[in-house]
Every structure is written in C-alpha cells, then in structure tokens.
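Before I ask anything, here is the structure I am working with.
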Protein chains: 2
Amino acid sequence: MLKYSRQRESIKSYLDTHRTHPTAETVYLDIKQEFPNISLGTVYRNLNLLAEMGEILRISPGNGPDRYDGNAAPHYHFICTRCGRVLDIDLDHQSQLDELAGEHFDGKIVSHITHFFGLCPECKLNN
Amino acid sequence: MLKYSRQRESIKSYLDTHRTHPTAETVYLDIKQEFPNISLGTVYRNLNLLAEMGEILRISPGNGPDRYDGNAAPHYHFICTRCGRVLDIDLDHQSQLDELAGEHFDGKIVSHITHFFGLCPECKLNN
DNA sequence: ATCCGTGCAAAGAATTTGCATACAT
DNA sequence: ATGTATGCAAATTCTTTGCACGGAT
C-alpha cells in the first residue's frame with residue numbers, strides 16, 4: 001500500500017508549480033530549502049513512483065539527465081540543441097499517428113512520444 | 001583530418017548489415033570476433049564520430065543503453081515496453097510536423113524524432 | 001615525420017539500491 | 001504493530017577520457 005509522505009507531496013507540488021521540466025537534481029536542490037535533510041535517492045524514488053502512477057511525465061532528452069513534467073497529459077516537447085532547455089510545444093497530440101504506425105506493424109502500438117529539436121527563442125536571438 | 005581506421009570501417013559495415021539497432025556493447029562483442037583487441041572505448045568513439053558525421057543514427061530509448069542504426073535516413077522506431085526490442089516503423093517521416101509545431105513557437109524547429117511504444121509482434125503473442 | 005586512432009584502465013555522470021531508522025497507517 | 005518511506009552511502013550502469021603506443025597519411 002502506498003503511504004503518504006510529505007516529501008512526495010512536496011515533489012509533486014513543486015512540479016505542478018514549476019513548468020521548467022527540471023532534472024531530479026534541480027528538484028532535489030530546490031526542495032532542500034523546505035526539507036534540508038531530503039536525499040537525492042528519495043527524490044529519484046518518488047519521481048519514479050509518480051511517473052509509474054501516471055501523475056507526472058518523464059522526459060528523456062537523449063542527452064543529459066532525464067527531465068520531469070508535472071503535466072501528465074500527453075503533449076510534445078521541444079529540446080534546444082544549443083542550451084538544452086526543454087519547452088512545451090503547443091500542438092495537439094497526434095493520436096492518429098498510433099493508428100498510422102500500426103498499419104504495417106504486426107505488434108500492438110499503445111502510444112508515442114515526439115521530441116522536436118532546434119533553437120529555443122532565446123538561443124535563436126543570441127545566435 | 002579524419003583518418004581511415006579498420007575498426008571504424010568494421011563498425012559501419014556491421015551496422016549496415018545488422019538492422020537490429022544494437023547497443024554499443026553488442027557491436028563491441030560481435031566485432032570482437034574480427035578484432036579481438038578492440039576496446040569498448042573505441043567502439044563508443046567511432047559510434048559518436050559516425051553519428052556526428054550523419055552516417056548512422058543514435059536512438060535513445062529513454063531506458064537502458066543507446067541503440068545505433070546504420071540507416072541514417074530519418075525514420076521512426078518502435079520500442080517494445082516488454083522486451084526492449086527496437087524495430088523500424090514503416091511510416092513516412094512526417095516532416096510537416098516541424099512546421100505545425102513551429103506555428104505557435106518562437107524558436108526555430110529543425111527536426112523531430114518519434115518513438116512508438118507497445119508490444120512487439122513476438123511479445124504480443126506470448127502475452 | 002606528423003598526428004590521428006587505438007587499447008587500456010580509470011574517471012565521470014546519472015541513477016539505483018541495501019540497510020537501519022523514522023514515520024504513516 | 002506493522003510495514004512503507006527516508007537518509008545515507010555504496011553500488012551499478014552507461015559512457016567518456018587521459019595517456020602511451022601503433023598506424024595512416
């Protein structure tokens with residue numbers, strides 16, 4: 001049975017109010033203000049728990065540490081190839097892609113993720 | 001200047017003939033038959049080189065080690081959530097998604113990747 | 001002759017885990 | 001009281017890197 005913990009609560013609430021797609025390390029350092037004794041292991045354990053429960057999203061940028069997103073609804077992300085920033089993309093989730101992909105595929109397709117790459121607004125300016 | 005190396009040649013040719021999206025470790029172990037002294041570091045170095053040159057693709061499944069693909073043309077992959085297998089998806093690259101994603105985005109979108117998830121044909125049967 | 005690539009081993013980055021204790025039920 | 005969650009540190013996994021030597025140009 002899953003028991004309540006203030007740490008997990010705080011991590012969830014941190015992700016709900018910070019839509020910066022932080023790393024576990026960032027969550028850890030920021031939450032440390034409130035829980036000076038919290039450990040990085042606890043942060044990882046709870047991020048994993050929350051992701052498994054479907055309450056948050058894990059984003060693997062393919063480079064560097066994973067990012068976490070308090071918005072668990074399927075949506076797309078942009079990853080800046082210059083600064084690494086992760087941003088939400090305002091584009092409807094293309095669920096029809098799952099059917100399209102399944103047309104010539106013998107397995108069962110359940111979902112997909114899409115990462116867009118390029119320059120974030122800031123890096124585009126300072127180019 | 002880039003110099004020829006038998007090791008790099010062998011790695012490239014391995015990926016061209018094995019469309020299994022192997023990990024660096026798998027490439028290493030298999031190529032060891034031909035080059036008993038090759039080191040894992042050399043395999044990583046050359047995989048990175050080839051990927052930077054655009055001759056191969058690196059696939060980050062988001063779980064476990066990266067996979068490599070001798071087919072460098074943009075295409076989509078399926079990742080089995082049960083066995084981890086990585087398979088090609090027979091679906092045209094949806095380059096229009098880059099424009100769609102860019103419509104409400106102030107940065108510059110250059111490319112995207114999409115990973116499909118679900119059960120591979122084999123795992124679907126042994127379910 | 002020059003200098004890039006290799007093998008080896010050690011280092012590094014990110015994440016997980018074992019264990020004793022603290023806390024929620 | 002029972003058992004899950006935590007903090008801490010060590011361990012694990014994957015990848016990169018420094019260095020001396022070998023090989024390509």
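This one's a predicted model, so the numbers in the text were calculated from it and none came from an experiment. Naming convention: chains lettered A, B, ... in sequence-line order (proteins, then strands); numbering from 1 in each chain. Just so it is clear, the values below take in all heavy atoms, side chains as well, and ignore hydrogens, waters and symmetry mates.
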For D:dT15, take OP1 and OP2 only and decide whether either is under 4.0 Å from a side-chain N or O of B:Asn48.
-> no
Only one of B:Gln94, B:His93, B:Glu99 clears side chain to side chain donor-acceptor pair (under 3.5 Å) with B:Gln96; which?
-> B:Gln94
For A:Ile31 and D:dG7, what is the distance between atoms CD1 and C1' respectively, to the nearest whole Å?
-> 15 Å
B:Glu122 with B:Arg85: basic N within carboxylate O range, under 4.0 Å = yes
Determine, stepwise, if the pair B:Ile11 / B:Arg8 fulfils side-chain contact (heavy atoms from CB on, under 4.5 Å).
-> CA-CA 5 Å; B:Ile11 289 168; B:Arg8 185 182 315 124; 5.6 Å; no
Taking atom C1' of D:dG7 as reference, at what distance in whole Å does atom CG of A:Asn46 sit?
-> 12 Å
Give the rounded distance in Å between these two atoms: NZ of B:Lys3 and C1' of D:dA24.
-> 5 Å
Over how many whole Å does the gap from A:Leu40 atom CG to D:dT6 atom P extend?
-> 13 Å
What integer distance in Å separates A:Asn63:CG from D:dC14:C1'?
-> 13 Å
Considering heavy-atom distances to DNA chain D, does B:Pro65 or A:Phe35 have its closest nucleotide positioned more toward the 5' end?
-> A:Phe35
Rounded to the nearest Å, what distance is computed from the CD atom of residue B:Glu9 to the C1' atom of nucleotide D:dG23?
-> 16 Å
Rounded to whole angstrom units, what separation is found between the OH atom of A:Tyr28 and the C1' atom of D:dT6?
-> 13 Å
Take atom CG in A:Asn63; do more than 12 heavy atoms of anything else shown fall under 6.0 Å from it?
-> no
A:Ser39 and A:Thr42: side chain donor to acceptor below 3.5 Å = yes
With a non-hydrogen cut-off below 4.0 angstrom, is B:Tyr44 in contact with a base, only sugar-phosphate, or nothing?
-> base
Residues B:Tyr76 and B:His112: side-chain donor-acceptor under 3.5 angstrom = yes
Name the residue closer to the 5' end of DNA chain C, choosing between B:Pro36 and B:Met1 according to the nucleotide with the nearest heavy atom.
-> B:Met1
Which part of the nucleic acid, if any, lies within reach of B:Gln7 when heavy atoms closer than 4.0 Å are counted: base, sugar-phosphate only, or nothing?
-> sugar-phosphate
Between atom NZ in A:Lys32 and atom P in D:dT6, what is the gap in whole Å?
-> 16 Å
Chain A reaches DNA chain C, atoms under 4.0 Å from its heavy atoms, from C:dA14 to C:dT25
Mark yes or no for a side-chain to base donor-acceptor pair under 3.5 Å between B:Arg45 and D:dG18, with no hydrogen or angle criteria applied.
-> yes
Contact class for B:Arg8 vs. all strands (heavy atom < 4.0 Å): base, sugar-phosphate, or nothing?
-> sugar-phosphate
Do B:Asn126 and B:Arg82 get their side chains close enough for a donor-acceptor pair, meaning under 3.5 Å?
-> no
Taking only side-chain nitrogens and oxygens of A:Thr42, does any of them come within less than 4.0 Å of OP1 or OP2 of D:dG7?
-> yes
